[in-house]
Number of protein chains: 2
Amino acid sequence: MPAIELLVRMLSRRDVLSEAERQRIHALPFREKLFAKGESIVVSHTEPQESCLLLSGIAGREIILEDGGRQITALQVAGDFVDLHGLVLKRMDHGVLALTDCQVANVAHGELIKLGEDMPHLMRLFWLSTLIDGAIQRNWTASMGRRNALSQLAHLLCELYLRLEVVGLAKDGQMRLHLSQLVLADVLGLSAVHVNRTLQSLRRQGLVEWLGSDVTIRDFDKLAELSDFDQTYLNLIRLPR
Amino acid sequence: MPAIELLVRMLSRRDVLSEAERQRIHALPFREKLFAKGESIVVSHTEPQESCLLLSGIAGREIILEDGGRQITALQVAGDFVDLHGLVLKRMDHGVLALTDCQVANVAHGELIKLGEDMPHLMRLFWLSTLIDGAIQRNWTASMGRRNALSQLAHLLCELYLRLEVVGLAKDGQMRLHLSQLVLADVLGLSAVHVNRTLQSLRRQGLVEWLGSDVTIRDFDKLAELSDFDQTYLNLIRLPR
DNA sequence: CGTCAGATTGATATTCATCAAGATCGGTGG
DNA sequence: CCACCGATCTTGATGAATATCAATCTGACG
């Protein structure tokens, strides 16, 4: 599968692509690049000239506070067009970090702008991709503000499961999440210790198994109920946009 | 000032608009509408056919949880293009509520799409507007996750001050925020009681005065320092986008 | 075999929520 | 003009959720 096909797949999940659009996307020139776990994919406060499509691995947007505290504000998985933001925002207000080894395809901003001007519908779909990020973000905000640690973690697992399923990386309740509890803590805004105890609670209730990086959702429905999960926000519907 | 001029002003703060673009925006047909405090501007899970530009007042995006808890995930002020989301996302995953009396200008989606197709640069600026919303959201996430109530509130006040200043609604440290502490609590993900005590602390430190709906920032720099505020994310820079 | 990152555990400290009771304030009807 | 009303703000007391600190344990890997 050519790298860029993942993008077609992600967009096709949300709208119908014409043959011409498909071809233009496949014609996009890109540079493949590898990042080891812990490396910065995009550095905060810089002005990137390319946008990167995540081909494999998990990346996180991070905001580092003055006191050294870190908040991961988003998780990106394969198929996500990480950093379309830079295309329009220019100067990054946050960094993107490889949370596992990551493979990305870099596409020059100029190419994307040209593509968008030629095919407004595709530009709207790129826009859509960032809006879905926004919708996810809103739901994280709701989780952090109004859910307890248990529901918050459960909600995150439901979300990640569905997102990975879309790109074929989750099935039958199973997925790989190579994330340490410390990273999870920075995602949820909790302490690592509390994440540990919260996870144990999910395990004790028989809802989740988490061995190394292999996660098994034992009972998605119960998990969804526990966390008041409503998947509307993931926009997993094919609509004319 | 014609209602739609606010939009021109908001965009001009981020990029240069050509005369042609200006004219096309002014030619946009719109319907003005009033919402009383407490009314829904956009109802969750519906599919709006128009996008609304907020002309005056304050609106909030809200997510209601099963247990009745509410999280306000964003505040919108005059000049904000509330609900451009609906244009591309179609089905709303959240509602927009008038937190004060609000005056809005509704523009049909069809008109916006046409405008965007004719003028790709304008479409990018609409996109930009939603990306700035996203950047703000990210920073709220960081605040909720990693800042204590005091810093979080201080951070919010710095942000609102700058955003209102852009549209001429804040000056010399003063702004009007007709928001109850209960609303503030739902914004910050705290209890109303705790918001009250946190506010008192800001007052005691001589950083903020809050009388009725008149807010005075006594010392913006200290407030910014206290909350580790970095305005990069508001994108208050005129750049070719 | 030693090392190191990550997971786990227990004890204690903080922050924040909850509950319940006044105090205040702006607006409204008589 | 005044009395009253509901909404909002304020305060105190108590409890729950989560953070912090400090060990210990585990498993992968050179």
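Computed from a predicted structure; not experimentally measured. Note on naming: letters A, B, ... go to the chains in the order of the sequence lines (proteins, then strands), and numbering restarts at 1 for each one.
Under a 4.0 Å N-O distance rule, the pair A/E165/A/K171 does not qualify as a salt bridge. The existence of a salt bridge linking B/D186 and B/R70 is confirmed by a sub-4.0 Å separation between a basic side-chain nitrogen and an acidic carboxylate oxygen. With respect to A/R203 and A/E209, no salt bridge is recorded, no charged nitrogen being found less than 4.0 Å from a carboxylate O.
A/T216 places no side-chain N or O within donor-acceptor distance of the main-chain N or O of A/G173, the cut-off being under 3.5 Å. Side chain of B/D93 to backbone of A/T232: no donor-acceptor contact under 3.5 angstrom is found.
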How would nucleotides 13-30 of chain D be written as a contact map, 5' to 3', with B for base contact, S for sugar-phosphate-only contact and - for no contact, using protein heavy atoms under 4.0 Å? B----SSBB---------
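Looking at heavy atoms from C-beta onward, B/T46 lies in side-chain contact with B/V43 at the 4.5 angstrom threshold. Under the 4.5 Å side-chain criterion, counting only non-hydrogen atoms from C-beta, B/V195 is not in contact with B/L182. Using a 4.5 Å heavy-atom cutoff, the side chains of A/R163 and A/L234 are in contact.
Taking the six-membered ring for Trp and thresholds of 30 and 60 degrees, A/F229 and A/H155 have ring planes more than 60 degrees apart, a perpendicular arrangement.
One finds a side-chain N or O of B/N196 lying less than 4.0 angstrom from the OP1 or OP2 phosphate oxygen of D/dT10. Side-chain nitrogen and oxygen atoms of B/Q200 include at least one within less than 4.0 Å of the OP1 or OP2 phosphate oxygen of D/dT11.
If you check residues 204-218 of chain A against DNA chain C, you find no residue with a heavy atom closer than 4.0 Å.
Note that the first and last nucleotides of DNA chain C, 5' to 3', having any atom under 4.0 angstrom from a heavy atom of chain B are C/dC16 to C/dC19.
Atoms CG (B/L182) and C1' (D/dG6) sit 14 Å apart, rounded to a whole Å.
B/L164 contributes atom CG, which lies 6.5 Å from atom CD1 of B/I58 (distance to the nearest 0.5 angstrom).
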